[in-house]
Protein chains: 2
Amino acid sequence: MKRTSLAGDSCPVARALDVFGDWWSLLIIRDASLGRRRFGEFQASLGLAKNILTTRLRALVERGILKTVPASDGSAYQEYVLTPKGHGIFPILVALRQWTEEFDEHPDEIATIMVDRDKGKPVKKLALLSQDGRVLGAADTTLKLRPARKASRRASA
Amino acid sequence: MKRTSLAGDSCPVARALDVFGDWWSLLIIRDASLGRRRFGEFQASLGLAKNILTTRLRALVERGILKTVPASDGSAYQEYVLTPKGHGIFPILVALRQWTEEFDEHPDEIATIMVDRDKGKPVKKLALLSQDGRVLGAADTTLKLRPARKASRRASA
DNA sequence: CAACGAAGTTTAATAATGCAACCAATTGGA
DNA sequence: TCCAATTGGTTGCATTATTAAACTTCGTTG
């Protein structure tokens, strides 16, 4: 079976999914972005098996999403915190959240809303803008082949 | 495996992942948003096993992301197209794409860039704004308990 | 109407997941 | 200081998912 790896794919969506596209990683990242850091915190919050959590944490560290830091409350245990690369996933979490807010069949089951810390008011929907400031929908965009950057650096197809 | 269902979770991120958080669904949705509609197109593009594709397509139809339409080129086969709920996933695809563009170790392997159809220029990064127009980062946001919905007042925007 | 292709289904092997039990090091407490 | 509980795992085993490939069932084509 050997779950097909998407790592070599040329599509950036696939490449992202290859890094954190499994069943648990994004939830771990969500928890981390909410300030959870300890193995036990993740395990209690997510309710996943500990061996799976071990595997996932290791993979996320390996891929540069999380890093382990020695302590924080003085104990000899280690903690898992987001790297900048991990913090960069935040917009994806927001997009997922907003999709549920808009399309879920049971919005009454959603417990939380995202607000800006200053005013406490709900944030606006993520907006995709053109360089001249127009709001773009899916139909207003296209994909173009990435212009070749440096010299000849043709990896695989 | 019995992949634990996230359907009943109160976190909107988990609820979204429950719908299309598996290994293939988002790629199928990506393909659909690029205009692919036929079983064979998806299979050829994604290179996944046909039985898996069958399962995934069925699940996505069941969950209201895709719908089957009778034809389009006159043949008696059916096609799979995005519903509005499915089109709503577009920002998530954009967010995934932009994360890879920013953080991938091998950006030279990314084949395409997203441009606005009018000008052909790259789109800007998704921006999260407060209601008064400030750009918000993860640290500028918090989660609040969703206010209980009043029956008489109108639903929130 | 025979052959071909599209769209699945079935089957069997293999890999990922979940659960529970186990274990070593750390910590807290008496 | 010594012991018990907690933390952070590891190990086995049963269960479920994924995969590739062979097989089926149509519709389409020559």
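Every chain is numbered from 1 and lettered A, B, ... according to where its sequence line falls, protein lines coming before strand lines. Bear in mind the structure is a predicted one, so any value in this text is a computation, not a measurement.
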Handout entry: A:R56 side-chain N/O to C:dT17 phosphate OP1/OP2 under 4.0 Å
Key = yes
Problem - Any B:R38 side-chain N or O less than 4.0 Å from OP1/OP2 of C:dA7 - result: yes
Practice task
Kindly say whether A:I110 contributes a backbone atom to a donor-acceptor pair with the side chain of B:R146 at under 3.5 angstrom?
Solution key: yes
Practice task
Send over the distance from B:L46 CG to C:dA7 P, rounded to a whole Å.
Solution key: 14 Å
Practice task
Kindly say whether A:L48 contributes a backbone atom to a donor-acceptor pair with the side chain of A:Q43 at under 3.5 angstrom?
Solution key: yes
Fill in the blank from the handout: Here the distance between atom P of C:dG5 and atom CG of B:D73, to the nearest Å, is 17 Å
Problem - Residue met sooner reading DNA chain C from 5', once A:G47 and B:T54 are mapped to nucleotides - result: B:T54
Exercise for the section: Would you tell me if any nitrogen or oxygen in the side chain of B:R58 comes within less than 4.0 Å of OP1 or OP2 on C:dT9? Expected result: yes
Problem - Nearest-Å distance for atom pair CG/P, residues A:L53 and D:dT11 - result: 16 Å
Handout entry: Phosphate OP1/OP2 of C:dG18: any B:T4 side-chain N/O under 4.0 Å
Key = yes
Exercise for the section: Take A:N51 and B:Y80, find for each the nucleotide of DNA chain C with the closest heavy atom, and name the residue whose nucleotide sits nearer the 5' end. Expected result: B:Y80
Handout entry: Touch class at under 4.0 angstrom, heavy-atom based, for A:S75 against every strand present
Key = sugar-phosphate
Exercise for the section: Taking only the side-chain heavy atoms of B:Y77 (C-beta and beyond), determine which of C:dC19, D:dA22, D:dT28 contains the nearest atom. Expected result: D:dT28
Handout entry: B:I52 CD1 - C:dA7 C1' separation (whole Å)
Key = 16 Å
Problem - Atom-pair distance (CD on B:Q43; P on C:dG5), nearest Å - result: 15 Å
Problem - Closest nucleotide among D:dA22, C:dT17, D:dT28 to the A:R3 side chain - result: C:dT17
Practice task
Grab the CG-P distance between A:L48 and D:dG8 for me, whole Å please.
Solution key: 14 Å
Exercise for the section: Count the heavy atoms belonging to other residues, nucleotides or ligands that lie under 6.0 Å from CD of A:E105, then report whether that count exceeds 12. Expected result: no
Fill in the blank from the handout: From the candidates C:dA16, D:dG9, C:dG8, the one with an atom nearest any side-chain atom of B:F39 is C:dG8
Exercise for the section: Would you please confirm or rule out a distance under 4.0 Å between OP1 or OP2 of C:dG8 and any side-chain N or O of B:Q78? Expected result: yes
Exercise for the section: Provide, to the nearest angstrom, the distance between the CD atom belonging to A:E41 and the P atom belonging to D:dG9. Expected result: 13 Å
Exercise for the section: Respond yes when some side-chain nitrogen or oxygen of A:W24 is under 4.0 Å from OP1 or OP2 of C:dA16, and no when none is. Expected result: no
Problem - Protein-nucleotide distance (A:W23, atom CH2; C:dA16, atom P), rounded to Å - result: 17 Å
Exercise for the section: Name the nucleic acid region contacted by B:A76, choosing base, sugar-phosphate or nothing; use a 4.0 angstrom heavy-atom cut-off, strictly under. Expected result: sugar-phosphate
Handout entry: Heavy-atom donor-acceptor pair, A:W99 side chain to B:K85 backbone, under 3.5 Å
Key = yes
Practice task
Would you check if the side chain of B:T100 reaches a backbone N or O of A:P12 as a donor-acceptor pair within less than 3.5 Å?
Solution key: yes
Practice task
Please report the shortest heavy-atom distance between A:V19 and A:R63, naming the atom on each side.
Solution key: O-NH1, 3.0 Å
